[in-house]
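I'd like to ask some things about the structure below.
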Amino acid sequence: MYVDVVFPLKIPPLTYRIPADMPRDLKGRIVKAPLMGRSSYGLIVDVFNKADGPFKKGMKEIQSVHQQCASGTDLQFLKWLSHYYTTPMGIALKSCFFEEIVAALKKYEIAALNPVRYSDVPDSRIAGRPPDDYPGEAAGEKGLSHVCGSIRDRDYRTFLLHAPTAPLEHSLLLEILGNTGAAARGIIILVPEIRQIESLELPLGRMFEQRLCVLHSKLGKGKRTEAVRRLITGESDVVLGTRSAVLAPLRGVSFIAVLGEHSPSYKGEEGLRYNARDVAVMKGFIEKGCVLLSSVCPSTESVYNATISKYTQIAGNRIMPSRTPGPEASHMTGHGRPKIRIINQQGGKHKDLFITEELLKEAKKILSKNEGLLFLINRKGYSLIRCEDCGHIAQCKKCMMSLVFHKGEGRARCHYCGYEEGITDICGECKGTRIKAFGAGTERIKEEVEEMLKTEPLLIEKIKGSPKISSELSPDLSPLIIGTAYAARRIRGGEFSAAAFLNIDVLLAQPDFRAYERAFQEIMHISQMVRPGGTVFLQTRNPGDRVLRLIRNYDFEGFYNYELSQRKALDFPPFSRLILVNIFAKKLAAGLLSEIQTAVAESREEGAEVLGPVEIPSASKSHKYCIQVLIKSKNSKAANATVKGISNKLEKTGGLKVHVDVDPLKI
DNA sequence: AGCACGCCGACT
DNA sequence: GTCGGCGTGCTC
């Protein structure tokens with residue numbers, strides 16, 4: 001007998017011989033096997049007879065066979081993960097906490113793992129009381145009972161909930177768990193960021209007690225091993241965590257909730273670049289568990305999946321595009337949402353100011369009442385650096401990104417690669433001497449606020465160094481807070497009376513087909529920090545912008561209709577699949593580009609479109625050059641095969657490093 | 001991941 | 001002349 005063993009390493013499965021007197025159920029067992037003159041733990045993923053051969057002579061033998069740790073569906077899931085994200089199975093195994101499993105088994109000498117799966121438990125033991133319908137905003141719709149029924153019946157389904165507000169998103173989840181949690185076995189609850197674990201940990205702890213286990217990437221090695229130990233022994237079967245928790249080694253899954261499903265945090269930027277939301281949907285499918293995706297501003301992809309009935313939409317806002325959209329139906333006011341007001345940034349009395357007269361007036365009103373106000377600007381530092389003579393904007397010598405002027409230090413910095421230089425008053429392009437600050441970052445806004453509003457505002461990133469303050473960051477600290485939308489996510493507690501995006505156009509003009517969607521999500525997120533009846537201001541030079549108007553009206557239906565029509569016209573996701581291939585090189589040799597072009601041409605499958613290759617800046621120290629190829633296809637098999645072909649061909653060529661990013665969020 | 005092999009800079 | 005830097009490659 002022969003077995004294929006996967007090690008948690010970047011290597012393909014290796015084949016070993018196995019003694020004749022071994023147990024029959026070898027698949028999914030942990031084994032100790034010789035590897036590179038030492039012994040390592042791996043997982044049996046396949047079993048072969050002699051007839052399946054021919055096998056290489058002199059193959060090594062398995063040293064010992066241990067516990068069963070992966071079920072048939074676990075192996076199916078592992079293979080899917082490896083195939084879909086074009087990664088060696090070993091990397092997928094490693095991401096699925098295999099090393100922690102081995103460590104837990106070693107440390108606690110868990111003798112025999114009970115192989116019974118939760119799905120094998122008789123129905124009578126997992127029956128719960130019938131749930132009440134969701135009593136919230138959308139009373140009358142049978143959303144909640146549908147989810148609860150689906151969990152109990154192990155009737156696989158993916159639900160999409162468009163929650164009116166984040167607190168309602170939480171309370172709906174808690175209600176579902178309250179109804180079914182006691183009976184359901186194997187539950188995963190995903191939140192986009194670690195800080196969101198805290199607010200759910202208390203009520204979930206009360207509900208599940210020792211069944212609950214928290215899992216996120218900031219957990220130390222010991223705590224991670226302990227969490228995994230609890231899961232594989234069955235002590236815990238409810239996981240609350242971030243992205244990686246979707247890969248937690250649960251013995252069967254009956255329910256997965258993905259809160260803030262639109263969040264880019266679910267997509268990994270390094271290592272195995274999986275999207276936890278998509279993985280959750282596949283895991284639910286494989287495990288016959290129920291999946292709930294929820295968000296106050298769902299991704300266009302998920303909304304599309306609901307319109308084609310791949311997902312089931314439940315109570316909440318109406319977002320499914322309908323044939324006769326009436327204005328009343330689309331205006332989702334109420335729900336305790338703040339007003340959204342568009343401010344025209346064009347013209348006006350003081351053109352050179354970044355805060356319009358209109359906004360200044362509103363700000364004075366709010367500050368006079370001693371209420372909280374939040375200013376958002378999408379750049380750190382003071383400004384860009386521009387030559388008045390030729391219009392040239394100073395750029396980083398390494399990566400072509402704009403340099404940012406930091407007034408306090410009197411230096412220019414590249415926020416992408418960290419390059420820094422002193423400021424000069426001579427233009428690098430035309431030798432002109434009229435060098436001026438251009439545009440505004442947080443520092444410049446602070447200066448303007450001090451002058452125009454005679455207030456000392458709080459700059460969020462300035463206090464980054466002192467974690468004590470940042471964890472308590474709230475509007476109570478200062479009536480006026482300035483920061484980037486990203487930094488503003490660290491603000492908690494209290495509510496603002498108003499928030500203002502000082503330059504929403506920067507967000508809308510991102511060279512990415514998801515720019516509008518991201519802007520909408522950002523605005524929705526910030527609007528959650530403003531009290532009901534308060535206002536979110538959007539300063540823009542395009543007050544007539546169609547999408548801004550849809551956003552202002554909270555017209556989700558109109559927004560998704562527009563977004564989907566745009567994406568369909570351009571064949572972007574969800575109407576196609578994208579795979580980004582980054583080829584890193586040490587030197588930009590003359591033959592390299594043509595070599596890549598040949599590899600691309602030879603690998604291109606029917607139905608796969610190839611964009612590029614183009615050179616993009618590289619952040620890597622050892623590989624200073626990066627060539628990017630974007631694969632776009634309606635046929636995911638063709639896209640996958642094309643990428644596999646390209647990376648196989650190029651990886652054989654020395655000196656190249658190939659990174660594959662399936663379903664990239666940023667392009 | 002480890003561990004070996006291998007090819008260029010600062011030391012006895 | 002050698003010691004050692006870590007970049008590259010292999011593991012049944």
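Only a predicted model underlies this, so the values are computations on that prediction, with no experimental measurement involved. Chain letters run A, B, ... following the sequence lines, proteins first and then strands; every chain starts at 1.
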* Asked: Rounded to whole angstrom units, what separation is found between the CG atom of L43(A) and the P atom of dC12(C)?
  ->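 Atom CG in L43(A) sits about 18 Å away from atom P in dC12(C).
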
* List the steps and the verdict of side-chain contact (heavy atoms from CB on, under 4.5 Å) for K27(A) and D46(A). => CA-CA 6 Å; K27(A) 256 194 196 182; D46(A) 266 313; 3.6 Å; yes

* To do: Could you check whether R38(A) gets within reach of a base, just the sugar-phosphate, or nothing at all, counting any heavy atom under 4.0 Å?
  =>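 Since only primed, P, OP1 and OP2 atoms lie under 4.0 Å of R38(A), the category is sugar-phosphate.
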
* Asked: For K32(A) and dC12(C), what is the distance between atoms NZ and P respectively, to the nearest whole Å?
  ->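 K32(A) atom NZ is separated from dC12(C) atom P by 16 Å.
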
* Salt bridge between E99(A) and K221(A), side-chain N to carboxylate O under 4.0 Å? ->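 Judged by the 4.0 Å cut-off on N to carboxylate O distance, E99(A) and K221(A) do not form a salt bridge.
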
* Asked: Roughly, in whole Å, what's the span from CZ in F48(A) to P in dC12(C)?
  ->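 One finds 17 Å between P of dC12(C) and CZ of F48(A), rounded.
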
* To do: Identify, residue by residue, the members of residues 76-87 of chain A with a heavy atom below 4.0 Å from DNA chain C, and return them in order of residue number, or none.
  =>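 Correct list: empty, so none.
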
* Asked: Once the angle between the rings of Y85(A) and Y274(A) is folded into 0 to 90°, is it parallel (under 30°), tilted (30 to 60°) or perpendicular (over 60°)?
  ->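 Geometry flag for Y274(A) against Y85(A): perpendicular rings.
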
* Give the rounded distance in Å between these two atoms: CG of L35(A) and P of dC12(C). =>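 Nearest whole value for this atom pair: 5 Å.
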
* Determine whether more than 12 heavy atoms belonging to other residues, nucleotides or ligands lie under 6.0 Å from atom CD of E61(A). =>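 For E61(A), atom CD is crowded (more than 12 foreign heavy atoms under 6.0 Å).
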
* Asked: Between H659(A) and C626(A), does a side-chain contact (heavy atoms from CB on, under 4.5 Å) hold up when you go through it step by step?
  -> CA-CA 10 Å; H659(A) 274 199; C626(A) 184; over 6 Å; no

* **Whole-Å gap separating P (dT11(C)) and CG (D4(A))** =>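 Result: 15 Å.
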
* Segment of DNA chain B, first to last nucleotide, that comes within the 4.0 Å heavy-atom reach of chain A ->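 Nucleotide range with atoms under 4.0 Å of chain A: dA1(B) to dC3(B).
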
* **Side-chain touch F98(A)/V6(A), heavy atoms, less than 4.5 angstrom** =>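 They are not in side-chain contact.
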
* If you draw the axis of the six-membered ring of F285(A), does the NZ or CZ of K288(A) fall within 45° of it and under 6.0 Å from the ring centre? ->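 Yes - K288(A) lies over the ring of F285(A), closer than 6.0 Å to its centre and within 45° of its axis.
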
* To do: Identify whether any heavy atom of P34(A) sits under 4.0 Å from a base atom; if not, whether one sits that close to sugar-phosphate; answer base, sugar-phosphate or nothing.
  =>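 Sugar-phosphate contact only - P34(A) comes under 4.0 Å of backbone atoms but never of a base.
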
* Asked: Any side-chain heavy atom of I616(A) sitting closer than 4.5 Å to one from N582(A)?
  ->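 Answer yes - side chains close enough.
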
* Asked: Would a 4.5 Å heavy-atom cut-off, applied to side chains only, mark F97(A) and R224(A) as touching?
  ->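 With C-beta onward as the side chain, the pair touches.
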
* To do: Would you kindly give the CZ-to-P distance between F7(A) and dC12(C), to the nearest whole Å?
  =>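 These atoms are roughly 8 Å apart.
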
* What is the distance, rounded to the nearest whole Å, between atom CD1 of I91(A) and atom C1' of dT11(C)? ->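 The distance from CD1 of I91(A) to C1' of dT11(C) comes to 14 Å, rounded to the nearest Å.
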
* Spacing of D46(A) atom CG relative to dC12(C) atom C1', expressed in whole Å ->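 After rounding, the gap between these two atoms is 15 Å.
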
